[in-house]
Amino acid sequence: MVRVLRYPRLSALCCASAVACALGRDACVSASLDGWAQVLLLTTIALLALCVALLSCRFFVDEVGVGVGFLLRVRRTPWENIASFGLLCCNSRRRYLYGMYQGRTDFINLIHRAPQCGPWGFVVPVSRKLMRAVSTYCPFAVDLSPQPKPKRKGRLRAQWHQAAIHSAIMLPTAAIAFVTGALMLIRAAQTMSLTLPLLALALYLAGLTLLYRMMNTITTCPRFNEEGVGAGRGLYLPWEEVRFGYVHRIAKMSGLFLLSQPLETMHRRNAPPMVCLSMPDTRTMLLAYLTYCPNANHGMDV
């Protein structure tokens, strides 16, 4: 059995932060800074709990099938119960391995969930270890070849107005959360309070969430010209390679998705590697897709 972490980078960052807080706490104890020592102790405990949760999020591959583990619970799925299986690259150069279980093969709802796992299937980051395991244990053929990088033609026009609106709202709010959390930590260190450090940590997490959403908005800012379209960190597709596009609206979320393969191609086990561009469904991008893409479906359902 081969096991890989579902959140490798976040796990490493959390472990490093926990070690740094523990060392800082020891230094504060030596310097008789009891308030800061107490704050760092609570922070270390919270980070250690998060480390345990992240390190338990593992993806399993063996000759029987695949599995998803969280803490002491593992969901196992045999290979014959996997209806769709392949590689996905969405708004980044990092690739993901996706799979959809039988009876839950809605590829549209799978898009933009990486890295997540659920009753519908899984989307996990690809590593060399995982690729070797899939090549060894997977009973059906899977195309693991790297996705070629198309050469850009001409200068792309960025649609910054969508990203600017979200940044103008989220960045000041995140800054207020960080400053308030810092003041609460200083106050907790002076009064040796137990409640204030937890509230400050909650404010920091809220600020990080806002910054993460702002970065997602900036990195999904669409760029296009008459030759092609781009989104994310350097991901680009010529219009003739866009095989399918649709506007997907669920709850309060909405977006335009452009695929490098037809949708029916993705509903099989040996699907070729696929590139997905995810971006806001602005009128400008919809008009550009319908105008420049030769494979555009002018009657697409929005």
Side-chain angles (χ1 to χ4, degrees), residues 2-13 54-55 57-62 65-70 75 77 79 82-101 104-138 140-150 212 215-216 219-220 230-237 241-244 246 248 250 253 255-263 265-279:
V2 177
R3 306 177 183 181
V4 294
L5 287 176
R6 288 162 53 191
Y7 304 95
R9 297 180 181 178
L10 188 58
S11 300
L13 177 62
L54 291 175
L55 291 175
C57 296
R58 294 180 177 271
F59 184 72
F60 305 87
V61 177
D62 57 14
V66 299
V68 180
F70 182 76
R75 176 193 175 100
T77 303
W79 290 112
I82 298 179
S84 303
F85 196 78
L87 289 180
L88 168 68
C89 182
C90 184
N91 282 21
S92 69
R93 280 293 158 188
R94 188 171 188 180
R95 295 183 298 168
Y96 298 91
L97 184 72
Y98 75 89
M100 293 178 286
Y101 306 141
R104 297 181 180 269
T105 56
D106 189 358
F107 187 79
I108 293 178
N109 290 325
L110 177 142
I111 293 293
H112 219 52
R113 288 186 172 181
Q116 288 188 15
C117 302
W120 40 267
F122 55 85
V123 186
V124 294
V126 169
S127 62
R128 294 182 180 179
K129 184 179 181 180
L130 181 57
M131 291 176 64
R132 289 194 301 266
V134 171
S135 301
T136 304
Y137 298 117
C138 186
F140 42 84
V142 180
D143 188 358
L144 300 176
S145 58
Q147 190 73 22
K149 185 177 181 180
Y212 174 75
M215 291 303 299
N216 280 345
T219 56
T220 57
R233 299 189 297 270
L235 202 58
Y236 171 81
L237 276 178
E241 294 186 12
V242 178
R243 303 298 181 183
F244 183 77
Y246 60 93
H248 188 44
I250 53 174
M253 300 177 61
L256 172 65
F257 296 90
L258 304 178
L259 307 181
S260 63
Q261 297 290 336
L263 189 61
T265 304
M266 312 314 299
H267 289 281
R268 64 188 193 191
R269 295 176 175 176
N270 59 343
M274 190 269 291
V275 174
C276 172
L277 297 183
S278 170
M279 60 192 71

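No experiment lies behind these values; they were computed from the predicted model shown. Computed from heavy atoms alone, side chains included, the values below leave out hydrogens, waters and symmetry copies.
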ask   = When rounded to the nearest 0.5 angstrom, what is the spacing between OH in Tyr101 and OG1 in Thr77?
value =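 If we round to the nearest 0.5 Å, Tyr101:OH and Thr77:OG1 are 3.5 Å apart.
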
Side-chain touch [X]/[Y], heavy atoms, less than 4.5 angstrom:
X: Arg243; Y: Pro262; answer: yes
X: Pro273; Y: Arg95; answer: no
X: Val134; Y: Leu97; answer: yes
X: Tyr246; Y: Leu259; answer: yes

task = Check the pair Leu237 / Leu258 against side chain to side chain contact (heavy atoms under 4.5 Å, CB included), numbers first and verdict last.
result = CA-CA 9 Å; Leu237 276 178; Leu258 304 178; 5.6 Å; no

Might you point out which heavy atoms bring [X] and [Y] nearest each other, and give the distance in Å?
X: Cys276; Y: Phe257; value: SG-CD2, 3.9 Å
X: Val126; Y: Met131; value: CG1-CG, 3.3 Å
X: Leu54; Y: Leu5; value: O-CD2, 4.2 Å
X: Trp79; Y: Tyr137; value: NE1-O, 3.6 Å
X: Met279; Y: Ala231; value: CE-CB, 3.9 Å
X: Arg269; Y: Ile82; value: NE-O, 2.9 Å

ask   = Phe122: what forms a ring-ring contact (aromatic ring centres under 6.0 Å, His included) with it, not counting sequence neighbours?
value =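 Phe122: ring-ring contact (aromatic ring centres under 6.0 Å, His included) contacts with Phe59.
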
